[in-house]
K.L.:
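Just dropping this structure here.
Reminder, nothing fancy here: chain letters follow the sequence lines and each chain counts from 1. All values below were derived from every heavy atom in this structure, side-chain atoms included, with hydrogens, water molecules and symmetry-related copies excluded.
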Protein chains: 2
Amino acid sequence: MKLSGGVEWAVHCCVVLTQAAEPVPAARLAELHQVSATYLAKQLQLLSRAGLVRSVQGKSGGYVLTRPPEQITTLDIVEAIEGSQSTYVCTEIRQRGPMAAPPEACTAPCAIARTMYAADRAWRAALREVTVADLCRSVGTDYDGDVMGQVGAWLSAAGS
Amino acid sequence: MKLSGGVEWAVHCCVVLTQAAEPVPAARLAELHQVSATYLAKQLQLLSRAGLVRSVQGKSGGYVLTRPPEQITTLDIVEAIEGSQSTYVCTEIRQRGPMAAPPEACTAPCAIARTMYAADRAWRAALREVTVADLCRSVGTDYDGDVMGQVGAWLSAAGS
DNA sequence: CAAACTCGGATAACTAATGTCCGAGATAAT
DNA sequence: ATTATCTCGGACATTAGTTATCCGAGTTTG
C-alpha cells in the first residue's frame, strides 16, 4: 500500500508548468528536480495520455498544461499515474468454502468491501478538493520571495 | 497503489473469530475461506504481532481475539497487515536541483505533501469509524438466516 | 513422560514497479 | 524544399515487493 514515487514528480511538474507559457522539455524538468530524465519521461507520457498535458514535438517542443490550473485537481494527477481503479479489490471469498454464500445473495458488495470502498472514496474526495492553483498559492505563501516566478524564469532561460 | 490481498483475508478472519469462544487454528480458517493455509498463517502472525489476536499453542490451540469486537476497527487490521506508515512518502525534491530551497526554509512539509497527508488521514479516519462489531451487524442484516451463528457452529465442529 | 498438534520465523517463486534505451515524427533553420 | 536536430513514444532490462511455501521450536493433552 505505497503510492508510486512518480506521483510526487508528476505533481511537482504540473505546479511548475503553470509558470511556463511555452513548451518545456522533459529533460529540463528532470534537471530542475534532479531526477532521472528517462523515468520522468514515462510519468509525463502518462499525464499526456490522461489529457492533462499536451506534448509538442520538434525542435522547440515539450509539455504544456491543457487546462487552467484551477481545473486540474491532485486527484486527476494521481489517477493519471496510478490509474483510477480502487485501492481495494474484493475477491468474493464469501462465495467460497464450505460456508459459501449463494451467488444470488451476492448481488451487492459485502459489508467489508463497502467499508473499504467508502474509505477509498474519502481519500479521493480529499484529493479532489485541492487544485494545482491551490498548490501554487500555498507555495507562494510558504516561502519568502517570488519562488514561482523564479522557477518560471529558469524554465524559460536557455542554457543550464 | 494497491492494497495487499491479505487484508481481505485478515478482516474476514477477525469477523468470524467473534463467533468462536475457543481458539481456532489457522488451518481451519483457511479451509473456511478456501485460501492458502500457509499464507494465511503469515497474515495471522501479523495480527498477533499487532496485538489484535492472541495465539495459543499446543494440541487444541489456535487464535482468539484479544478485545471485544467493538474495540477493533478496520483501521487496526489494515495497519496490522500493511503497516502504519503513510501511503505517500515525500523525498523532498524541492531541496534538490538548481532551484533548491534552503534547508532552513523546509522545516514544515511542502504544500504537496500536506495535501497527500490530509488525504491519507481522511482514508484512515473512514476506516477507523467502522468496527468489527459493525461489520458483524451488517452481515447479520445483509443475508437471510443466522449466518454468523452458522459459521460459529462450523468453527466449533470437530471434523471437516 | 511421550506423542501429536500448534504457532513462528526463515526460505523460494512470482509479479509489479523502477529505471533505461533507441526509433518514429515533427519543427526550425538553412 | 531540404536537412539536420531536437522532441516524444513505446519497447526492453533491472530491482524491489508481494505471494506462496517449508521446516523447526514450543506447548498442551492423554
K.L.:
Indicate every side-chain donor-acceptor pair of residues 9-23 of chain B with a distance under 3.5 Å to a residue at least two apart or in another chain.
P.N.:
unit_1   : atom_1 : unit_2   : atom_2 : d
Thr18(B) : OG1    : Val15(B) : O      : 2.5

K.L.:
State whether Arg28(A) places a side-chain N or O below 4.0 Å from either non-bridging phosphate oxygen (OP1 or OP2) of dT7(D).
P.N.:
no

K.L.:
Taking for each residue the nucleotide of DNA chain C bearing the nearest heavy atom, is the 5' side occupied by Ser60(A) or by Gln45(B)?
P.N.:
Gln45(B)

K.L.:
Mind checking if Ala26(B) touches a base, just sugar-phosphate, or nothing, with heavy atoms under 4.0 Å?
P.N.:
sugar-phosphate

K.L.:
Going 5' to 3' on DNA chain C, which nucleotide is the first and which the last to come under 4.0 Å of a heavy atom in chain A?
P.N.:
dT18(C) to dA28(C)

K.L.:
To the nearest 0.5 Å, tell me how far Ser4(A) OG sits from Lys2(B) NZ.
P.N.:
14.5 Å

K.L.:
Under 6.0 Å from the ring centre and within 45 degrees of the ring axis: does the NZ or CZ of Arg28(A) meet both conditions for the six-membered ring of Trp154(A)?
P.N.:
yes

K.L.:
What integer distance in Å separates Lys59(A):NZ from dT5(D):C1'?
P.N.:
5 Å

K.L.:
With a 3.5 Å cut-off and sequence neighbours excluded, list the donor-acceptor pairs that the side chains of residues 48-68 of chain B form with protein atoms.
P.N.:
unit_1   : atom_1 : unit_2   : atom_2 : d
Thr66(B) : OG1    : Gly51(B) : O      : 2.9
Thr66(B) : OG1    : Leu52(B) : O      : 2.9
Arg67(B) : NH1    : Gln71(B) : O      : 2.9

K.L.:
Which residues satisfy the salt bridge (charged side-chain N to carboxylate O under 4.0 Å, His left out) test with Asp146(A), sequence neighbours excluded?
P.N.:
none

K.L.:
When you compare the side chain of Val151(B) with that of Met148(B), does any pair of heavy atoms fall below 4.5 Å?
P.N.:
no

K.L.:
Is Asp120(A) reaching over with its side chain to a backbone N or O of Thr87(A), donor-acceptor style, under 3.5 angstrom?
P.N.:
yes

K.L.:
Which part of the nucleic acid, if any, lies within reach of Arg54(B) when heavy atoms closer than 4.0 Å are counted: base, sugar-phosphate only, or nothing?
P.N.:
nothing

K.L.:
dC8(D), OP1 or OP2 - any side-chain N/O from Ser48(A) closer than 4.0 Å?
P.N.:
no

K.L.:
Taking for each residue the nucleotide of DNA chain D with the nearest heavy atom, is it Gly61(A) or Arg49(A) whose nucleotide lies nearer the 5' end?
P.N.:
Gly61(A)

K.L.:
List the residues meeting salt bridge (charged side-chain N to carboxylate O under 4.0 Å, His left out) with Arg94(A), not counting sequence neighbours, and say none if there are none.
P.N.:
Glu92(A)

K.L.:
Please tabulate, one pair per line, each protein N/O and nucleotide N/O from nucleotides 18-24 of chain D that are separated by under 3.5 Å, including the distance.
P.N.:
unit_1  : atom_1 : unit_2   : atom_2 : d
dT19(D) : OP1    : Gly5(B)  : N      : 3.2
dT19(D) : OP2    : Ser4(B)  : OG     : 2.8
dT19(D) : OP2    : Tyr39(B) : OH     : 3.0
dT19(D) : O5'    : Tyr39(B) : OH     : 3.4
dT21(D) : OP2    : Ser36(B) : OG     : 2.8

